[in-house]
Each structure stands twice: as C-alpha cells, then as structure tokens.
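For reference, the structure discussed in these notes is given below.
Values below: every heavy atom of this structure, side chains too, minus hydrogens, waters and symmetry copies.
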Amino acid sequence: MSPLLLPLTPRFIALTLAILSTVGFAIALAFDQHSILLAIGFSVALFLSVIGTIDLFQTSHSVLRNYPILAHFRFIFEGIRPELRQYFFEGDKDGMPFSRDRRAVAYQRAKAALDVRPFDTHYDVYSDGYEWMAHSIAPRPVAKEPFRIMIGDTECTQPYSASVLNISAMSFGSLSANAIRALNGGARKGGFAHDTGEGGYSPHHRENGGDIIWELGSGYFGARNPDGTFSPEKFAAGATNPQVKMVELKLSQGAKPGHGGVLPAPKVSREISLTRGVPMGEDCISPASHSAFTTPVEMMRFIAEMRRLSGGKPAGFKLCIGHEWEFLAICKAMLETGIYPDFIVVDGKEGGTGAAPMEFIDHIGKPMRQGLYFVHNALVGIGARGRIKLGVAGKVITAFDIIRAMALGADWCNAARGFMFAVGCIQSQSCHTDRCPTGVATQDPTRQRALVVPDKIERVANFHRATLHELAEMTAAAGFDHPREFKPIHISRRISPSQVATFADMYPSLAEGELIAGSGNPRWRQPWDLADAHSFRAVA
C-alpha cells in the first residue's frame, strides 16, 4: 500500500478525521472567534489529534501504534475486566480452565507488573479436572540460578546447556521480522534458546545473536536443492554457525500432524525467498512427509548425518505422537543401528498454529501429556531414557505447566503462546489474514512497525525470568532443589467430586528395559509387536 493512502485506511481513519476536524474548526474559528461551540469542537478535535499522534509514535503498546485513538476502547474494556467474573470462568478445549486468566499472567510477567492477586483461588477446587502439586513442610531455599539441563549424548562433541524454558518453534513467515528479532533478542538477554520453526534460519534470527535451535522440516528450507531435496552443503553452512546450538528434525507438529503446508505465491516475499531457498512467484510447499528418508533406520542415519554436518552439536527430532507402533519402530531402529538422538521434542495436539483445517486442530494427534507419557516410557522400556533428553510443547505458559510436564518425564519445556503474548499478541485470530493488529503475525511492513523491538525484547526476557522465578519458588515449596525431582506422585487431579488420583495412578510406568525383555502388558505388547525398524507401516 502506498504511504499516501495510509491515512485513509480504517486503522488510521480516527486520527485522520481528528486532524482534519482540528484544521476545519481552526479555520472556522478564524472567522467566528466568539463561537463557544466552535471552540469546544476545536478543543476536542485538538485533544484527539494529540492523543492519536502520541499513540502513533509511543513504543509501549503495539495496538495503539496500529490503531491510534480507536485502540483506547480496548484498554477501557480491559480496565473493567476484573469485575466481569465470567471472563475468568471459561474452559479450554483441553480441559484447562481459566485460559484468559493464564494469558493475563503472561502479560503481567512480560510487563514486569505485580504478579499477585487478592482473595481465594479462581478455580473450583472440587470440580472434575482440578490439579495441584504437593508441598513440603520442610521447604528448601529458593534457587538463585536459573534451572538448566545439559543436552548431548556421547556422540555429541558440542553439548548444550539449555534453560528448562525455551521459545518453541515459530517460523519467520508466519511471524513478522520484528517479532523474530524481539524473540531472539529476548532469548539472548535471558540466556535461553529460540527454535526457528521449519521456515528456516533467517537473517532476523541472526541479528541479535540469541541461541538458536534450527528446526529442519520436510521442505528443508534454508538447506535445500532447487528440486526441494535436502542439501548437505547448505545445511552445514548454517548449522556450523556458533549461534546454532542444536539441530532438530521436524516430523510433525501438534496443531496439524500429518498435514503439509502451503505459503501462497503472493506471500513469498524476497526475504522469505532468500531465507527458505524457494523462488518468488511460486507457492512454497511443505510436503506432508520427508524425502530424505523413508524408514525408521534411514531416519536414524539421517539424524546422525545432521549431527556430523553440524560439527557434533546435539541432534534430535520433534513429533506429535500418532500411531504408537511408528514411534516404537523408531525405538527399534535405535537399537538396531546403535544411533540415538540427543533429544526428542514431544509436541502436543493442543499447540497452536497460524492456520490449519479445523478437523486437524480439533481431532488429530495425541495431547501433550499423553504423548510425553508414552515417549518417556517407551525410552525407559528400551533402556535408552538416560541418554536421550525430552522436551515438550503444548500450551505451556505458567510454572505449574512446567512442573506437570517435568513430573511426567520432560527435561525441559518449549513455549510459543506465552512468548507471543510477551511480544504483544492479543489472540485476535487474524494470523492467516496478514492483518495482525499488533504486528506479530504479519508480513505487512506498515503493520509490523507497531511492534517496537527494543521494548518487546525486554518483555520477552521479563516473561522468562518471572516464570522461572515462580518455578524456583514452587520447586522450593515442594522441598526440592531442581524441578527434575518432581515425579508423578507429586501431582494430583480430581477425577470426581469425591475422588482424587495422582499422576502415578493415572500414568503407570514401565520398568527399565521392559520392552526389550518382552512386556506382558497388552497396552504395550501389541504396538511393540506391530513395530518394524525397516518400515513405518505396521507389521501385517
């Protein structure tokens, strides 16, 4: 859009009208200086013009920069929100209540606002699904240093000390350049990692120098030949960059597992073309499956090649669990080849996306906890859990979310939603339209100017720091020094008004090496028998 037309767009029309009205009233007053109505009209128009101009150039609120004057109505409604009790009492699709309250916590932490509230819990503690952690009557001192976890097995020559909370995969292309800059700058300031998503390792990821996990999807963006196949040379050129700390093969994502993606030709800008290695003027295709391997054994060899090409950095893969025998086939391939990934990220189907078919979002793939439970126990069952670290993603926002995941076996958590809130996302659900009101999920340069990078860098770092501080306090309250000490027995869930179960009751564990020895549990024996290291298809 031409800059000359911007004042006529709906976003700026209120400011434009205010300025024009100010000029009009000023001219009228020049001819009738004694008119009280003209003086009042001029004063109001001038006041709105000043407010709108301040909105346009202030750096704290993205919505005001994109919608001067008009966006103040949002803050008025936000100001009376605590009085609207029904605002807090809404349920999520996955059974997590009070989702908007969780979002408010993320905003408060990002803004370094006071993160406390009066009166009792907003939860009905006797309702089905309410969860809590056990505390200790002998709490520990609160840890002073942020919690970290070392990732990298014996074949890894450059292990990585990762924070227990990192930025989950979100691609440049789905997010704006300014959003990527802010996220990565916050990662550097806070000492945690930033997953690139499958859209490639872009110049915007490199600009601020934050630690990078380079995710490689089926399109091999940034590491592909002209025909779309994997290019070892291009991958090595990026993966050996010191900023890249780990390399991750994406098999599927929770929001739309088993579904490819298309970035329409009109959205393939010059920047995206250069980052992804795709031509402008053509649709950018992410195939549903990989071309670099077709069997579990080939996949293990490909991961070993990624580790070698990166210079010995941790190499792993991400997936949402679908057919259980397919993951167990990967486990059998590990045993047969002796090749083990350094890490696995389990993505839950409750995770978000910019655009996906409704049925995929609602009904395909395992939720994060069930997927994590399955993967953790499968690795225990083949005796490999000690050498493979587990990350998870799927609506992780609060410290309690992290604790629940680590109690079920996670070593660290990735979060997308919480960090998006930190850079200004208001969940307008316009990601797929390229009309994001806060400049987070758009390639429109006039919209993404609303996202002021230095301000949002601080907010990203604030959110991470405040969440880990709360994690440290909760960990100490449980009598532990590190959240990895949480086990399923420490988390309880109300399953009826009169019944409670611990996670240990709900998620029974396998014994070390039980799958290799031959589990007698039908829940595990059947998918194990169907698994084949040389095929992702079930054994006939």
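- The aromatic rings of Y507 and Y373 sit tilted, their planes meeting at an angle between 30° and 60°.
- Side-chain atoms of Y340 and E155 form no donor-acceptor pair, as typed in the model, at a separation below 3.5 Å.
- Within the 3.5 Å criterion, the main-chain N or O of S496 finds no donor-acceptor partner in the side chain of Q499.
- Judged by distance alone, the side chain of S176 and the main-chain N or O of A179 form a donor-acceptor pair under 3.5 Å.
- Here CD1 of I330 is found 12.5 Å from CG of L335. Values are rounded to the nearest 0.5 Å.
- For the pair T240 (side chain) and A236 (backbone), a donor-acceptor distance under 3.5 Å is present.
- Looking at R276, K250, K318, R224 one by one, the single match for salt bridge (Lys or Arg N to Asp or Glu O under 4.0 Å) with E198 turns out to be K250.
- Using cut-offs of 30° and 60° for the angle between ring planes, the F486 and H490 rings count as perpendicular.
- With 3.5 Å as the limit, one finds no donor-acceptor pair spanning the side chains of T275 and E271.
- Using modelled atom types, one side-chain atom of S218 and one backbone atom of P287 make a donor-acceptor pair closer than 3.5 Å.
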Original post:
For S161 and R148, what are the C-alpha separation, side-chain angles and deciding distance, and is it a side-chain hydrogen bond (donor to acceptor under 3.5 Å, both in side chains)?
Top reply: CA-CA 6 Å; S161 174; R148 306 192 74 83; 3.2 Å; yes
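- Using modelled atom types, one finds a donor on one side chain and an acceptor on the other under 3.5 Å when comparing N184 with H194.
- Between Y201 and W214, the two ring planes are tilted [angle within 30° to 60°].
- H204 and F172 have perpendicular rings, their planes meeting at more than 60° on a 0 to 90° scale where under 30° would count as parallel.
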